[in-house]
Amino acid sequence: MQILRHSTAHLLAAAVTELYPGTKYAIGPAIKEPPGFYYDFDFAEPISESDLRAIESRMRRIAQEGRPFEKEILPREKAIEEFRKRGQDYKLELIADKVSGDGVSVYRTGDFLDLCLGPHVSSTRDLKAFKLQRVSGAYWRGDEKKPQLTRIYGTAWQSQKELDEYLKFLEEAEKRDHKKLGKDLKLFAVDDRVGPGLPLWLPDGATIRRELERFIVDEELARGYQHVRTPDVARLDLFRQSGHAQLYAEYMYPPMKFEDGEELELRPVNCPHHIVIYQTELRSYRDLPLRIAEIGNNWRYERSGTLAGMNRVRSFALNDAHIFCTPDQLMDEVKGAIDLALYFSKVLGIDEFWYQLSTRDNVKEKWLGNEEQWQVAQANLAEALESMGQQYQTGVGEAAFYGPKIDFQVRDAHRREFTNSTVQVDFQLPERFDLEYVAEDGTRKRPVMVHRGAAGAMERLFSYLIERYAGAFPTWLHPTQVVVATVKDEFNEYARNVGARLRAARVRVEVDQRSERLDRKVRDAKLKKVPYLVVVGAKEVESGHVNVQNRASEKVDMSLESFVEMITAEIAERRR
RNA sequence: GCCCACGUAGCUCAGGCGGUAGAGCAUUUCCUUGGUAAGGAAAAGGUCCCCGGUUCGAAUCCGGGCGUGGGCUCCA
């Protein structure tokens with residue numbers, strides 16, 4: 001499949017060079033998620049998505065011609081000459097940088113020549129089911145200082161049937177998109193007047209968030225965390241001490257400056273505030289591990305082009321905690337943090353996720369601390385994962401500036417990857433803030449810090465859950481747990497009584513007393529994806545029962561009390 | 001920030017090659033009281049994202065902003 005897609009990328013480049021002579025082609029790999037390929041071009045004249053149709057039909061024509069994919073190993077000089085003749089500067093750069101030795105592997109497809117290791121399908125005739133999707137900008141070698149190329153994305157499959165299925169999947173993903181559902185279900189809103197990346201939580205969205213926060217905070221308290229509240233701002237000096245003002249500046253807002261010289265900064269992270277809480281007392285080894293938690297607001301100036309719905313915002317509430325512990329306790333604390341994240345994932349239905357161990361690269365200016373500390377921290381994280389039987393990938397250069405981290409990666413409805421939660425080991429901030437505890441022998445020692453966001457940021461978690469459940473949240477989370485609908489107005493009083501009984505049991509219930517037909521009330525409740533719909537009419541008034549139907553429209557007649565018992569148990573257990 | 005696309009009523013969208021706009025849903029009111037996915041009627045609702053320019057005239061054309069969506073190292 002990867003071979004097929006990679007070959008289709010070549011086909012795309014062949015079509016483009018025929019239609020737009022003089023276009024330089026850069027790189028064109030197959031990609032796994034989302035499944036497809038891209039090719040980056042340097043066009044003489046910019047193209048737009050409306051040009052894709054013509055390129056695609058040229059691709060089809062070449063495919064039908066059945067041109068073979070022919071591999072050749074050219075002597076280095078010969079390869080350079082060939083690409084120079086064609087004016088393919090990017091390929092020349094790649095040969096210079098990436099190809100060692102004398103043999104340069106190239107592929108020919110008719111006149112089109114590409115630097116490529118292969119392998120490929122044998123003929124363009126094998127490429128039957130593909131579609132060009134969109135064009136976007138991409139920097140040469142991912143570097144913003146280098147020229148921006150035009151990237152064309154497409155997808156390719158073995159058969160038309162598979163392609164159709166994939167396109168169908170994309171349509172379905174569109175329906176689950178949290179931005180769409182957030183609007184349809186009135187969960188959140190965005191408004192120019194408030195600003196980009198600053199979504200508003202509407203009442204139903206806020207209800208879900210409150211349930212999530214209660215769940216999270218209660219569980220953390222049960223696991224020995226202490227919850228605190230700290231302000232969203234601090235003097236800029238606090239972030240100078242932490243190093244954020246120097247190493248994290250690109251994400252920080254300009255400070256608020258006052259006449260008397262005071263400089264206040266919106267915090268991009270919570271750690272410095274929590275460190276200050278640690279230092280409000282002289283700590284003993286008996287106090288450790290000290291786990292300070294807060295669902296704290298953070299402010300990060302994300303580049304405007306990266307903002308997306310609730311997923312990437314400029315102000316968010318992180319389910320954060322900082323664990324201060326002795327080096328001996330470190331491993332257990334890391335494991336405990338992973339275990340908590342696993343527990344949250346299980347209850348919230350985050351079924352598909354994987355771990356990335358994010359480590360530093362060799363760019364010295366980006367990181368604090370010495371090599372040994374990083375090694376120890378990294379070893380601890382890796383060992384914790386391994387001892388828990390968990391597999392992980394490595395992301396070089398993706399560590400926090402003060403230490404390596406374990407990231408929990410998830411995918412949204414479109415299968416785009418995001419970090420949802422994280423566990424980080426930090427030897428640096430304890431030093432920068434001169435943290436201490438009194439050890440058993442009476443000497444002062446330095447604690448280690450673990451930063452962790454077990455359920456991630458509320459905004460991103462919310463966007464994930466909207467897509468995970470397509471708006472049909474588990475009962476404990478759903479903003480409206482029950483709708484009571486009457487068959488006709490004369491039963492409204494009974495319906496209000498049913499509503500009052502449920503409300504007394506802390507169930508979120510709406511009584512639909514509109515003078516509409518039952519059909520309409522059922523439809524509206526279904527569109528809101530309400531977990532339970534209760535219908536009351538003459539029969540129910542007479543028996544004191546309710547007619548209950550779930551999302552699958554399975555109807556059952558039961559006494560009001562047994563319904564209350566059933567739904568409250570479901571909510572209390574946070575059943576999915 | 002950069003590339004491409006988009007921005008018309010609360011929502012989803014028509015329309016408009018320059019002569020100040022329309023539908024459905026939602027909202028309000030009235031009628032209707034109907035047992036499991038849209039009962040009927042009427043009313044109200046718009047600086048056509050913003051600011052400039054061209055023009056007798058701009059929502060439409062041009063320029064500049066703002067915002068939204070997709071993308072911006074899965075690497076021969």
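Here is the naming used below: chain letters follow the sequence lines, and residue numbers restart at 1 for every chain. This structure is a prediction, so every number in the text was calculated from the model and none was measured.
Ala538(A) comes within 4.0 angstrom of a base, heavy atoms only. Nucleic acid contact for Glu540(A): base, since at least one base atom lies under 4.0 Å from a heavy atom of the residue. Residue-level contact check: Asp524(A) touches neither bases nor backbone, having no heavy atom under 4.0 Å from any strand. Residue-level contact check: Arg303(A) touches the bases, meaning some heavy atom is under 4.0 Å from a base atom. At a threshold of 4.0 angstrom between heavy atoms, the contacts of Thr306(A) include nucleobase atoms, whether or not backbone atoms are also involved. As judged by a 4.0 angstrom heavy-atom cut-off over every strand, Pro34(A) is placed among the base-contacting residues. Counting any heavy atom pair closer than 4.0 Å across all strands shown, Tyr153(A) reaches sugar-phosphate atoms only and no base atom.
Between G70(B) and U27(B), the two P atoms lie 30 Å apart (nearest whole Å). Straight-line distance between the P atoms of U36(B) and A43(B): roughly 33 Å, to the nearest whole Å. Comparing the same atom, P, in A23(B) and in G15(B) gives a spacing of 15 Å after rounding to whole Å. Atom C1' of G67(B) sits at a distance of 10 Å from the matching atom of C50(B), rounded to the whole Å. For the C1' atoms, the distance from G63(B) to G71(B) is 26 Å, rounded to whole Å. Taking the C1' atoms as reference points, A44(B) lies 11 Å from A9(B), given to the whole Å. Rounded to whole Å, the separation between the C1' atoms of G40(B) and A58(B) comes to 41 Å. With both ends at atom P, the span from C49(B) to U8(B) equals 6 Å, rounded to whole Å.
Set against A76(B), U36(B), G70(B), the side chain of Cys116(A) has A76(B) as its closest nucleotide. The listed nucleotides are A37(B), G71(B), A76(B); the one nearest the side chain of Arg151(A) is G71(B). The listed nucleotides are C4(B), C72(B), A76(B); the one nearest the side chain of Tyr139(A) is C72(B).
Judged by distance alone, with hydrogens and angles left aside, the side-chain atoms of Arg460(A) form no donor-acceptor pair with the main-chain N or O of Asn420(A) at under 3.5 Å.
Legend: residues meeting ring pair (Phe, Tyr, Trp, His ring centres under 6.0 Å) with Phe130(A), ordered by chain and number and at least two apart, are absent. For Phe43(A), the ring pair (Phe, Tyr, Trp, His ring centres under 6.0 Å) criterion is met by Tyr20(A), Phe41(A), not counting sequence neighbours. Scanning for side-chain contact (heavy atoms from CB on, under 4.5 Å) contacts around Asp204(A) gives Leu187(A), Pro479(A), with sequence neighbours left out. With sequence neighbours excluded, the residues that form a side-chain contact (heavy atoms from CB on, under 4.5 Å) with Lys168(A) are Glu171(A), Glu172(A). Remark: Ser57(A) pairs with no residue by the side-chain contact (heavy atoms from CB on, under 4.5 Å) rule, at least two apart or across chains. Partners of Asp557(A) by side chain to side chain donor-acceptor pair (under 3.5 Å), not counting sequence neighbours, listed by chain and number: His545(A). Partners of Arg520(A) according to the side-chain contact (heavy atoms from CB on, under 4.5 Å) rule, which considers only residues two or more places apart in sequence or in another chain, are Arg514(A), Glu516(A), Asp524(A). Residues satisfying the salt bridge (Lys or Arg N to Asp or Glu O under 4.0 Å) criterion with Arg468(A), sequence neighbours excluded, are Asp351(A). Residues that satisfy the ring pair (Phe, Tyr, Trp, His ring centres under 6.0 Å) test with Trp367(A), not counting sequence neighbours, are Trp374(A).
Rounded to whole Å, the distance from CG on Leu170(A) to C1' on G69(B) is 15 Å. If you take CD of Glu49(A) and C1' of C6(B), they are 10 Å apart, rounded to a whole angstrom. Counting to the nearest Å, the P atom of A76(B) and the CD atom of Gln2(A) are 13 Å from each other. Here C72(B) presents its C1' atom at 9 Å from CG of Asp40(A), a figure rounded to the nearest Å. Counting to the nearest Å, the C1' atom of G71(B) and the CD1 atom of Ile47(A) are 14 Å from each other. In this structure, the CD atom of Glu174(A) is 8 Å from the P atom of G70(B), given to the nearest Å. If you measure from atom CD of Glu250(A) to atom P of G1(B), you get 14 Å, rounded to the nearest angstrom. The separation between Phe112(A) atom CZ and A76(B) atom P is 15 Å, rounded to whole Å.
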Between the protein and nucleotides 27-34 of chain B, which nitrogen or oxygen pairs come in under 3.5 angstrom?
unit_1 : atom_1 : unit_2    : atom_2 : d
U32(B) : O4     : Ser515(A) : OG     : 2.8
U33(B) : O2     : Asp489(A) : N      : 2.7
U33(B) : N3     : Asp489(A) : OD1    : 3.1
U33(B) : N3     : Asp489(A) : OD2    : 2.4
U33(B) : O4     : Asp489(A) : OD2    : 2.3
G34(B) : OP2    : Lys488(A) : NZ     : 2.9
G34(B) : N7     : Val487(A) : O      : 2.4

Polar atoms only, N or O, under 3.5 Å: list the protein pairs with nucleotides 65-68 of chain B and their distances.
unit_1 : atom_1 : unit_2    : atom_2 : d
G67(B) : O2'    : Asp192(A) : OD1    : 2.9

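Here Lys183(A) does not reach the OP1 or OP2 of G10(B): none of its side-chain N or O atoms lies under 4.0 Å away. Residue Tyr90(A) places none of its side-chain N or O atoms closer than 4.0 Å to OP1 or OP2 of A76(B). Put simply, Arg416(A) has a side-chain N or O that comes within less than 4.0 Å of OP1 or OP2 on G71(B).
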Under a cut-off of 3.5 Å for both distances of each Watson-Crick or G-U pair, what dot-bracket string does RNA chain B give, using [ ] for crossing pairs and | for inter-strand pairs? (((((((..((((.....[..)))).(((((.......))))).....(((((..]....))))))))))))....
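In this structure, Arg300(A) forms no cation-pi arrangement with Tyr251(A), as its terminal cationic atom is not both closer than 6.0 Å to the ring centre and no more than 45° off the ring axis.
With rounding to the nearest 0.5 Å, the separation of CD1 in Ile95(A) from CD in Gln88(A) is 10.5 Å.
Residue Tyr301(A) places no side-chain atom within donor-acceptor reach of the base of G1(B), judged by atom type and a 3.5 Å distance cut-off alone.
Salt bridge Glu417(A)/Lys32(A): absent, no basic N to carboxylate O contact under 4.0 Å. With respect to Glu18(A) and Arg67(A), a salt bridge is recorded, a charged nitrogen being found less than 4.0 Å from a carboxylate O.
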